[in-house]
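Please read the structure below before turning to the comments.
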Amino acid sequence: ALSTLEVYASSSGLDESSVPTFNAAISACEKAGRWEASLAVLQNLATLQLRRTAVSYNAAISACEREAQWPIAFQLLAEKRSASMQVD
């Protein structure tokens, strides 16, 4: 699934309508217990200059929480807060 996302990301014409696809990938990584991969997908959003949404952050935070990666989860929560997103 991640290799398919890489091909998708390398295509031209990505815009804000592509963000839900990345969010779904982050969520899939969380469900698979792949917190590091979820962070990579989250970073891809920034690299591609696409907006990280509250959904993006929440899915990555959940992935870290699920695997007891608390320092990283708290770091993401702080990033989310500094981006002026509502903290759930």
Give the C-alpha distance, both sets of side-chain angles, the deciding distance and a yes or no for side chain to side chain donor-acceptor pair (under 3.5 Å) between Thr53 and Ser56. CA-CA 5 Å; Thr53 65; Ser56 309; 3.1 Å; yes

Test side chain to side chain contact (heavy atoms under 4.5 Å, CB included) on Leu42 and Leu76 and set out the steps. CA-CA 10 Å; Leu42 185 68; Leu76 291 172; 3.7 Å; yes

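With rounding to the nearest 0.5 Å, the separation of CG in Leu48 from CG in Leu14 is 6.0 Å. With values rounded to the nearest 0.5 angstrom, Leu50 atom CG is found 9.5 Å from Asn44 atom CG. To the nearest 0.5 Å, the span separating CD on Glu65 from CG on Leu77 amounts to 10.5 Å. Rounding to the nearest 0.5 angstrom, the gap separating the CD atom in Gln49 from the CZ atom in Arg51 is 14.5 Å. Rounding to the nearest 0.5 Å gives a distance of 10.0 Å between CZ of Phe74 and CD1 of Ile61.
Here the side chain of Thr47 pairs a donor or acceptor atom with the backbone of Gln43 at under 3.5 angstrom. Checking side-chain atoms of Ser27 against main-chain N and O of Asn23 turns up no donor-acceptor pair under 3.5 Å. Between the side chain of Ser38 and the main chain of Trp35, a donor-acceptor pair closer than 3.5 Å is present.
Crowding of Glu16 atom CD: a count of heavy atoms from other residues, nucleotides or ligands under 6.0 Å exceeding 12.
Summarising the geometry of Lys80 relative to Asn58, their closest heavy-atom pair is NZ-OD1, 2.6 Å, with the distance given to 0.1 Å. For the residue pair Leu45 and Arg52, the shortest heavy atom distance occurs at CB-CG, 4.1 Å. Of all heavy-atom pairs between Pro20 and Ser17, the closest is CD-O, 3.4 Å.
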